[in-house]
Amino acid sequence: MTELLKISLPDGSVREMEEGSTPADVAAAIGPGLAKAAIAARVDGELRDINRPFEGDAELALVTARDEEDALELARHDFAHVLAEAVQSLFPGTQITFGPATDDGFYYDVKAPETREPFSMDDLPAIEEEMRRIIKADKPLKREVWSRQQLIEKWEAEGEVFKAEWAKELPEHEELTVYWSGEDWLDMCRGPHLASTGKLDPQAFKLMRVAGAYWRGDQKNAQLTRIYGTGWLNKKQLNQHLVRLEEAAKRDHRKLGREMDLFHLQEEAHGSVFWHPKGYRIWRELEAYMRRKMDGGGYREIKTPQLMDVRQWEQSGHWGKYAENMFAVPDMVPEVDDSGAGAHPSVAKDADWMAIKPMNCPAHVLVFKQGITSYRDLPIRLGEMGCCHRNEPHGALHGLMRVRQFTQDDAHIFCTEGQVVEEVRAFCKLAEGVYRDFGFTFAIKLALRPEKRLGSDADWDKAEQELRDAVAEAGMMNEEFGWEELEGEGAFYAPKLEWHLTDAIGRTWQVGTIQGDRVLPDRLDATYVGEDGEKHRPVMLHRAIFGSYERFIGILIEHYAGRLPSWLAPVQAVVATIVSDADDYAGEAVGKLKAAGIRVESDLRNEKINYKVREHSLAKVPHLLVVGKREAEEGTVAVRTLGEKEQKVMSLDEAIVMLREEATPPDLRN
RNA sequence: GCUGCUGUAGCUCAGUGGUAGAGCGCACCCUUGGUAAGGGUGAGGCCGGGAGUUCAAUCCUCCCCAGCAGCACCA
């Protein structure tokens, strides 16, 4: 008599199943609806094929399309396989290598046969068609355990040199699996997969582009073609994604930055921003806003040197770890030969080196260390609009989002062990207020200890728990605030809280952070005198809310699609005339608006009102005040608000009150 | 930093082995017109930088630089 397997379900119930049965059998036993909906299973927490037999008693959770994260991962992985099969079906002799799921789809690295060119965009439509054919054929995806030798022989026989090479490196005794697609194609794969290709929606994917890639990412190896696709559960999701891509392209801050004349970049200073008057206006508004917030939060602002002796950076540990990303300059007077132009200064061998700061922390510790600090003085919160430089890899630079020179809304809080939780809690509240003022929703995540780290496990336990406690006390350790703990994502010296913003089209951006640091105070020997008269180490909290002005402005431009709220808009209103008879009145209106603190410009040009409306609308000016003969006679303005079809005629004084109200920063409203 | 692609007027982009074009923008003229493009005329280019091939290079080749898309990286 065979033993029955005990399968426990998420609701706590236990089902007895015969040996050799599968999650699909359990689903069928529960009901036909679930049998149809179940696409995979979590067995003892591990995502598995729905048709893979249980190996013993197990905890089972059936996965359906509602478990979107798992379902997407499975579907994308399957799409990758179907892609590889399609390419080989269309182009026999193509070698296949790897094909994982990505954030929005999948890719597969392949090598085209010698007889033809590498694959290009032009090949994609045919490959897509072939993929649809394979999906419609509803080929079962069947798992089989093979020996390593079996795999090697199979790949060598088929001339799959990459697969064969890979198989040879697989561990001997581990369970190696292949997945059949029908009976005529298979790929080596850990799985899991859906039950058949027909579980995929043939209308839910699109091949996007091709890119070059090297076998195993190493340029010494053979060159492959990587075919990228985006893959989803259904056509609706795919379309939403494509619309989101289009929308994102329209909002691209690099494009809007040029169109709105906010800033530019040029190759002589690549990675550093030239802010134009309008762009810098936004910056100044943000800076003023942040100063009010930090002043209100008990921070005191300082300014520290751009250049410090390299020895200082050695002591802080940054030079050892990040020197390759720092800019260093010799501390010497350059000797330029008399010919002048074109002469290069030479650097003496014994020159002292200075480094441009890549961060503000060490300098803030040096400020803290001046004089003698009592526990009564703590916490000390030092803020700085700190301009930093990091020599980022060139390929990483991206508009305002990733730059070599940036300014942080940085601050460091020096406090006692006992003050950490309260300081972090207060920061949570401060950050919440800021993000809400810009209309962002956000999630707070705790990045836990990484594998490579400094300090004992006991220290990490404590540090992680402090952050949890602080978030809990702020009332934010829950779903509403997207609370989540991320394994292994912390910095090497401390766990950190991260704020992830969600913008108007659903993309997320990590901006704010706070982290407790007990390493740097130690390295730089920061102390305070405690109640007991002895020296103690303060804890140093590193924190930022915007992250960097550059990046935050980039995010704001995309979030608002360039239609900045009035308080941030570089030009808040334009007074546009219909006829030149209204010029004097327009001048009067502009004078009054300026006196009321409104950033206003006039447009008296000899152009039709249609033209002016169009131009200022495209320039995303929040309010257009149109004046013609009628308004000039009546002392009114016709206000056209960006995004609204209707105009409102009101007295100039009423308009001023309205514009002032709208131009008031959110933290100064009542 | 790696791979692929790109670099022509302020912007968006055509184009050709015999040194160049459009639309928008800009300037000037006409037009004073009531809510998303009125008409005309004109100016504006070391065709990213360097080297090579050629009688001749913006175009072909090589090197460099920058940008874009991915990847890797992001204290």
Side-chain angles (χ1 to χ4, degrees), chain A residues 102-104 107 109 118-121 208-221 223-228 245 249 252 254-255 258-259 261 264-271 313 316-326 357-362 388 390-399 401-404 406 408 450 490-494 496 510 513 515 517 519-520 542 547-548 551 576-583 604-619 624-631 638-642 644-649:
Chain A
T102 62
D103 285 346
D104 69 352
Y107 69 80
D109 285 350
F119 299 114
S120 71
M121 291 293 286
M208 303 297 280
R209 62 183 163 270
V210 294
Y214 284 119
W215 168 235
R216 300 183 155 191
D218 188 332
Q219 57 175 321
K220 290 196 282 285
N221 293 334
Q223 198 173 322
L224 310 170
T225 306
R226 179 170 296 177
I227 302 177
Y228 280 98
L245 288 181
D252 190 313
R254 294 165 300 184
K255 178 171 169 276
R258 190 169 47 239
E259 287 172 4
D261 193 20
H264 85 271
L265 296 155
Q266 65 181 58
E267 62 180 90
E268 286 75 8
H270 75 283
W313 296 105
S316 69
H318 294 100
W319 188 252
K321 218 168 157 60
Y322 299 105
E324 60 188 23
N325 291 317
M326 290 171 65
K357 68 175 170 185
M359 53 180 13
N360 310 298
C361 331
C388 298
R390 293 181 189 173
N391 198 350
E392 300 284 2
H394 290 193
L397 300 176
H398 182 91
M401 300 302 187
R402 190 84 179 266
V403 287
R404 303 211 297 180
F406 56 92
Q408 298 174 314
F492 69 93
Y493 54 85
K496 58 182 178 183
Q510 202 236 294
T513 182
Q515 45 200 279
D517 181 3
V519 174
L520 200 58
H542 304 248
S548 89
R551 185 156 173 275
T577 51
I578 296 170
V579 291
S580 52
D581 287 349
D583 286 2
L604 310 183
R605 290 176 305 171
N606 176 12
E607 295 290 352
K608 291 198 168 168
I609 193 62
N610 282 352
Y611 183 90
K612 294 184 183 182
V613 166
R614 176 180 156 81
E615 189 164 276
H616 299 300
S617 299
L618 289 174
L624 186 59
L625 311 190
V626 177
V627 296
K629 273 186 197 155
R630 205 184 305 149
E631 286 76 11
V639 180
R640 188 183 161 118
T641 299
L642 186 63
E644 288 173 21
K645 287 245 162 68
E646 299 296 310
Q647 57 165 342
K648 288 190 198 114
V649 179

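All values below were derived from every heavy atom in this structure, side-chain atoms included, with hydrogens, water molecules and symmetry-related copies excluded. The chains referred to below are lettered A, B, ... by the order of the sequence lines, with proteins before strands, and numbering in each begins at 1.
As a whole-Å value, the separation of A:Tyr322 OH from B:rA75 P is 6 Å. For the pair A:Asp109 CG and B:rG4 C1', the interatomic distance rounds to 13 Å; values are reported in whole Å. We find that CD of A:Glu607 is positioned 13 Å from C1' of B:rC28, with the value rounded to whole Å. The separation between A:Glu392 atom CD and B:rC74 atom P is 10 Å, rounded to whole Å. For the pair A:His398 NE2 and B:rC71 C1', the computed distance is 15 Å after rounding to whole Å. Atom CD of A:Gln266 is separated from atom C1' of B:rG7 by 15 Å (rounded to the nearest Å). In this structure, the NE2 atom of A:His264 is 13 Å from the C1' atom of B:rA66, given to the nearest Å. Taking atom CD1 of A:Ile578 as the reference point, atom P of B:rG38 lies 15 Å away to the nearest angstrom.
We find the OH-NZ distance between A:Tyr493 and A:Lys321 to be 10.5 Å, quoted to the nearest 0.5 Å.
For A:Glu267, the side-chain atoms get nearest to B:rA66 when compared with the rest of B:rA66, B:rU35, B:rG67. Proximity note for A:Asn610 (side chain, C-beta onward) versus B:rA75, B:rA36, B:rC73: the nearest is B:rA36. Comparing atom distances between the A:Ser580 side chain and each of B:rA36, B:rC73, B:rU32 picks out B:rU32 as nearest. When the nucleotides B:rG1, B:rG38, B:rG34 are ranked by their closest atom to the side chain of A:Ile609, B:rG34 comes out on top. Checking B:rA75, B:rU35, B:rG33 against every side-chain atom of A:Met359, the shortest atom distance belongs to B:rA75.
A pairwise comparison of heavy atoms in A:Val639 and A:Leu625 identifies CG2-CD2, 3.6 Å as the closest pair.
Note on A:Arg254: every side-chain N or O is 4.0 Å or more away from OP1 and OP2 of B:rG67. Between B:rA75 and A:His318, no contact under 4.0 Å exists linking OP1 or OP2 to a side-chain N or O. Contact check, A:Arg605 against B:rU32: no side-chain N or O comes under 4.0 Å of OP1 or OP2. Between A:Arg226 and B:rC5 there is no side-chain N or O to OP1 or OP2 distance below 4.0 Å. For A:His394 and B:rA66, the shortest distance from a side-chain N or O to OP1 or OP2 is below 4.0 Å.
Atom C1' of B:rC5 sits at a distance of 28 Å from the matching atom of B:rU54, rounded to the whole Å. For B:rC74 and B:rU12, the C1' atoms lie 33 Å apart once the distance is rounded to whole Å. Straight-line distance between the C1' atoms of B:rC13 and B:rG17: roughly 23 Å, to the nearest whole Å. Comparing the C1' positions of B:rC24 and B:rU19 gives an interatomic distance of 26 Å, to the nearest angstrom. Comparing the P positions of B:rG18 and B:rG25 gives a spacing of 33 Å, expressed to the nearest Å. With C1' as the reference atom, B:rG44 and B:rC2 are 40 Å apart, rounded to whole Å. Comparing the same atom, P, in B:rC59 and in B:rA51 gives a spacing of 13 Å after rounding to whole Å. The separation of B:rU41 from B:rG23, taken at their P atoms, amounts to 11 Å, rounded to a whole angstrom.
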Once pairs are restricted to Watson-Crick or G-U wobble with both distances under 3.5 Å, how does RNA chain B read as a dot-bracket string, [ ] for crossings and | for other-strand pairs? (((((((..((((....[..)))).(((((.......))))).....(((((..]....))))))))))))....
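At least one side-chain heavy atom of A:Gln515 sits under 4.5 Å from a side-chain heavy atom of A:Thr513. Looking at A:Cys361 and A:Leu520, their side chains come closer than 4.5 Å, going by heavy atoms from C-beta outward. Between A:Lys629 and A:Val579, some side-chain heavy-atom pair lies under the 4.5 Å cut-off. The shortest distance between side-chain heavy atoms of A:Met359 and A:Trp313 falls below 4.5 Å. With a 4.5 Å cut-off on side-chain heavy atoms, A:His394 and A:Arg404 count as touching.
The residue among A:Met326 and A:Arg258 whose nearest nucleotide of RNA chain B is located toward the 5' end is A:Arg258. Projected onto RNA chain B by closest heavy-atom contact, A:Asp252 and A:Arg390 fall at different nucleotides, the more 5' of which corresponds to A:Asp252.
Base engagement by A:Arg640 is indicated by at least one non-hydrogen atom pair under 4.0 Å involving a base atom. Nucleic acid contact for A:Lys629: base, since at least one base atom lies under 4.0 Å from a heavy atom of the residue. Here A:Ala576 lies out of heavy-atom contact (under 4.0 Å) with every strand.
The backbone N or O of A:Ser580 lies less than 3.5 Å from no partner atom in the side chain of A:Thr577, so there is not a single donor-acceptor pair. No donor-acceptor pair closer than 3.5 Å links the side chain of A:Arg640 to the backbone N or O of A:Gln647. For A:Lys612 (side chain) and A:Arg605 (main-chain N/O), a donor-acceptor pair under 3.5 Å exists by modelled atom type.
Within 3.5 Å, a donor on the side chain of A:Arg614 pairs with an acceptor on the base of B:rA37, or the reverse. Donor-acceptor pairing under 3.5 Å, judged by distance alone, is present between the side chain of A:Arg402 and the base of B:rC73. You'll find a donor-acceptor pair under 3.5 Å spanning the side chain of A:Glu631 and the base of B:rG34, going by distance alone.
Within a 6.0 Å radius of CD in A:Glu646, no more than 12 heavy atoms belonging to other residues, nucleotides or ligands are found. Remark: A:Lys255 NZ is packed, more than 12 non-hydrogen atoms of other residues, nucleotides or ligands lying under 6.0 Å away.
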Could you list all N or O pairs between the protein and nucleotides 23-25 of chain B that sit under 3.5 Å apart?
{"unit_1": "B:rG25", "atom_1": "OP1", "unit_2": "A:Tyr611", "atom_2": "OH", "d": "3.2"}

